[in-house]
Amino acid sequence: MINARKEILKQLSSKSRKTKRPSPWRSRHESENLQKRFSLALENVKGEIYLASDLEEVLSILGDVLLELNAKKIVVSDEKPFRDIDFSARFPEVEWHVVGKSNGNLRDFCNSADVGITSADVALAETGSVVVSSGPGRSRAASLLSPVHIVILPNSKLLPDIFTWTANRGDDIPSQVVIISGPSKTADIEQTLVVGVHGPKRFIVILYSD
Amino acid sequence: MCSLYTCPLVVLQLQYADMGLDNNNSNQVALFVTCLVDQIYPEIGLAATRVLKGAGFEVDFPEGQTCCGQPFYNSGFVKEARRLAKRTIEIFRNYPAIVLPSGSCTTMIRKEYVHLFEKDSNWHQEAVALAKKTFELTEFLTKSGGLEIKNPARNGLVTYHDSCHMSRSLGIKEQPRELLKQAGFQIVEMQAVDRCCGFGGLFSMRMPEVSQAMTEEKLLRAKQTKAPILVSSDPGCLLQMRSNQKDPSTVQIKHIAEVLDEVIG
Amino acid sequence: MSATLRQFRRKADKAITDERLQNAIENAAERFVEGRITALSSVPDVGEMRDHFKEIRDATISDLATHLITFEKNAQEAGAKVHWARNGKEAVQIIADLAKRHGVELVVKSKSMATEEIQLNSALIQQGITPVETDLGEWIIQLAGEPPSHIIAPAIHKTKEQVADLFQEHSGEEIPADISALTAEARRVLREKFLSAGMGISGANIGVAETGSAVIVTNEGNGRMVTSLPPIHVVVMGIEKVAPTWDEVAVWLSLLARSATGQPLSIYTNVITGPAHPEDVDGPDEVHIILLDNNRSRFLGTKYQEVLQCVRCGACLNICPVYRKAGGHAYGSPYSGPIGAVINPLLFGLEKYNGLPQASSLCGACLEVCPARIDLPRMLLALREDEVNRRILPWRDRVMERLAASVLLHPWLFDCLVRLVGKMRLTKVIQPFIKVKMPPLAGRSYRQLWRRGGGE
């Protein structure tokens, strides 16, 4: 294998030529009306948006949504802004699994859960996307295996677009970062759109003012 | 005594100047009919000649001309294409302007000759000089502006096919349409108006199944406009579409020179 | 796998006479074409962005070694293992050895053109490992035992009835030919595979040198499953897919999904940087990245270098009038359409794929839509020139063309010969030897008429 690396690099280096790199493309989107633009973009990709004035209202909306979904099993990540909320107490009819805290096999629970609830690092207004990453208290499976994924996020995390995000990325990078732009979908059979394939069938974002 | 601005020769002088050409007080253009027109559709050449004369130009046909070299260039015979290109440059280099009733041949001279002579700076210079004064017919007529329509069509319907070279290589889309409107026609646009008709030169002979399927689609789209006349600025497209027309009585396929020739009176 | 002129024509003809297939291709292509136009229209200064993208891709490809070394270093720092493969055989062996070492029997795969290029699946099966495709379109064609017919939508040639039959054969249970039901069945069957597989294999749309990350985009979520659920994740990435910085990745991603399907972004843009961290709750224990050359390094410094800028969006396929008639299978490779016509001869040999440079009318539509502004028509011309110079073009063609060129150097000879053919009605004699209807030669040529009347 050492030979392969050497040979490939030798072949590439022999034909190498330094050309001028243009300066980076910067965001050309404005930073106003982020909430409105995000909501429109999200609905365009068949995501669902709820707006709340504070965390308390978020929980009220969440209650309604969970009722509508008839959710019985929910996995929730152990992260801000809802780290200190006692979900079991708040919604006792539901079986809750808090990532990293509850007992039992996380993956099995996620696979049979009705809903996965997480927060996100940021949200991108241009494309109606949220950026979710791995880390302590956060499970990759929680936002992936169940048919519904709910994201709870303060307005302050809204950014205009992907360029704003990459320009302010910071040094560390988690093992997984995923930019989620709607519920899973496919049009592989006869070009007919079907929502809900391997990932969640419904993607719900609850934004609140902070 | 004509005033300075209405004297025909002065008007022409101004036109040439507008086009960035140096014509030495002549109103001469060289017509490069193209090999297809010469041997298969001479009537297009005659129509183009009459139209250019009608617009006030003196038309010359340098008899040494044959082929611009495109079929050879496109099939990988670069040496042969180069030889033909050099001949073309030699034959046409002393004319103030060269006009062709063909988007594809105009593209070859204007855009591809410089590639043929990338490694030969003298010929490259010549190619650049020739490119500057080589025009497609509708482009030239629109730029020079001398065309007079004495016998306009009465709102007849036509549909116009944007050939690959005219639309994507040269960007000449509006000029033929303006001329058709000037000529009194109403244009009904077809779907996929700039999709390739399937000619592609030797492509039509090497891949006849795909080529003919493409032409059938183009003819169907033209038929769907219900216009009785289908117009093109490229003799190659004309050849392809006419050869594949199952019933020529349904739609008349004409070159724009022929259409204009009928209305200049 | 090959596509000589004869093979291409035969398969193309089959596709052209299949009315259902023609409709399927037309619908899919038109949908993608319109989607692309709409999606790009909402990008500020999109023309400038494409110019910028071409520049950054060109700059990257010109100095590929530097960026690959940076990528390798950062990937290793993040805990990934980086392997180099000169060709498909080496890549396959790396994966097979890894699988054997870990006792892997079942592998789940997300869609990867690079793995199709090296025929990974059949090689793994030969070594006793079962690969399961998880992208719905790819799974369908895997069950059918067919190659993909489009870079983005591999199963556009299949009807829902055909899919239902395939699924039924596979599971033994009856499934209605209803698209929602079929999708639900795929979700059910493949979910079990995701959860039990010992290894997940993906491609990479982009390899980010700055952080040693692999970016994998999907709409279905299978890309996330494959890279998160099995304990080992393997990435197979062509060496040309590297982007030096995250700024450049943002441009790349802004153009990729828009050009491919008309979406602003794919549903899931998944960024993998090494295996799970100690404090992560889940994720793979090992991440292996295989950097695949397979003849790519050979085009560096040649007139074909530009082709390495390709991001596999499929926009050129959707707009190509030849592809839309001939269908993807005619190209004899996972890569079809204009990009396939150029890279198949380059990757796999011009002799085997001599039909592909001819499979174009040089209409230029592909150049117009390519996000990286790759001059595919010019590459096709260059390949045609190679076919002439390397005597791959049949001798008859070469003789005819050289003869014709010689005649055209002498106007009097040209005119005489053509007039002769016309006068002696030789067209009728020649016709059987030429595949298309001979053009009707005029009674008198223009030059004859000019001489007589000065063009009146």
Side-chain angles (χ1 to χ4, degrees), chain A residues 1 4-5 7-9 11-13 15-22 24-25 28-29 41 45 99-100 106-107 111 126-127 129 134-141 144 162-163 166-167 169 173-192 194 197-200, chain C residues 27-28 31 44-45 49 52 55-56 58-59 62-65 83-86 90 136-137 153 155 159-160 163 179-180 182-183 187 190 211 219-222 224-225 228 246-247 249-251 253-254 264-265 267-277 279-283 293 297 300-301:
Chain A
M1 202 280 282
R5 181 182 187 279
E7 212 177 283
I8 294 172
L9 285 175
Q11 174 87 287
L12 294 175
S13 307
K15 317 237 197 90
S16 193
R17 111 193 113 84
K18 301 263 187 237
T19 49
K20 199 167 128 311
R21 252 208 146 68
W25 187 275
R28 296 194 185 187
H29 281 108
V45 293
V99 173
L106 170 66
R107 180 184 286 196
N111 196 36
E126 185 202 1
T127 50
S129 315
S134 59
R138 288 175 265 154
S139 152
R140 298 186 188 197
L144 180 59
I162 193 171
F163 295 97
T166 53
R169 215 179 32 82
I173 182 159
S175 65
Q176 186 205 50
V177 176
V178 55
I179 309 175
I180 301 174
S181 308
S184 66
K185 55 159 90 128
T186 183
D188 274 350
I189 302 177
E190 292 193 6
Q191 286 298 292
T192 306
V194 176
V197 194
H198 301 296
Chain C
N27 287 336
R31 204 172 136 257
D45 307 314
M49 187 189 275
H52 176 87
E55 266 187 83
I56 61 183
D58 178 51
S62 300
D63 196 17
L64 211 44
H83 311 257
W84 299 70
R86 283 169 286 201
E90 286 186 357
L136 181 57
T159 61
K160 57 184 191 284
V163 176
I179 294 172
S180 293
L182 292 168
T183 309
R187 181 190 172 99
L190 293 172
T211 49
N219 285 319
E220 300 177 12
N222 59 320
R224 290 177 64 189
M225 305 261 183
S228 297
W246 274 98
D247 289 320
V249 172
V251 178
L253 288 173
S254 295
L265 278 179
I267 302 296
Y268 304 114
T269 304
N270 190 15
V271 183
I272 299 296
T273 313
H277 293 177
E279 66 274 17
D280 286 354
V281 165
D282 45 19
D293 183 350
S297 58
L300 239 74

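Any value given below was found using the heavy atoms of this structure, including those in side chains, with hydrogens, waters and symmetry copies removed. Sequence lines set the chain letters: A, B, ... in the order given, protein chains first and strands last, and positions in each chain run from 1.
Under the ring-ring contact (aromatic ring centres under 6.0 Å, His included) criterion, A:H29 pairs with no residue at all, not counting sequence neighbours. Checked against side chain to side chain donor-acceptor pair (under 3.5 Å), C:T269 has no partners two or more places apart in sequence or in another chain.
A donor-acceptor distance shorter than 3.5 angstrom exists from the side chain of A:E190 to the backbone of C:K160, with no hydrogens or angles considered.
Taking the side chain as every heavy atom from C-beta outward, A:I180 and C:Y268 approach each other to under 4.5 Å. For the pair A:L144 and C:M225, the minimum side-chain heavy-atom distance is below 4.5 Å. Side-chain contact between A:I173 and C:V271: present, with at least one pair of heavy atoms (C-beta onward) separated by less than 4.5 Å. In this structure, the side chains of C:I56 and A:W25 stay at 4.5 Å or more apart for every pair of heavy atoms.
A salt bridge is defined here as a Lys NZ or Arg NE, NH1 or NH2 lying under 4.0 Å from an Asp or Glu carboxylate O, and A:R28 with C:D45 meets this definition.
Both the backbone and the side chain of A:R140 have a heavy atom closer than 4.5 Å to some heavy atom of chain C. With a 4.5 angstrom heavy-atom cutoff, A:V99 touches chain C only via side-chain atoms. Heavy atoms of C:R31 lying under 4.5 Å from chain A belong exclusively to its side chain. For a residue to count as touching a neighbouring chain, one of its non-hydrogen atoms must lie under 4.5 Å from one of that chain's; by this rule C:V251 touches chain A with backbone and side chain alike.
When the options A:K15, A:R17, A:K18 are evaluated for a side chain to side chain donor-acceptor pair (under 3.5 Å) with C:D63, the one that passes is A:K18.
Ranked by non-hydrogen atom pairs under 4.5 Å with chain C, the options A:A41, A:S129, A:P183 are led by A:P183. For the set A:I189, A:I162, A:T192, A:V194, the entry with the most heavy-atom pairs within less than 4.5 Å of chain C is A:I189.
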>> Go through it in stages, so that I can follow the logic: the residues are A:K185 and C:E220, the test is salt bridge (Lys or Arg N to Asp or Glu O under 4.0 Å), and I'd like the CA-CA distance, side-chain angles, deciding distance and then a yes or no.
In response: CA-CA 5 Å; A:K185 55 159 90 128; C:E220 300 177 12; over 6 Å; no
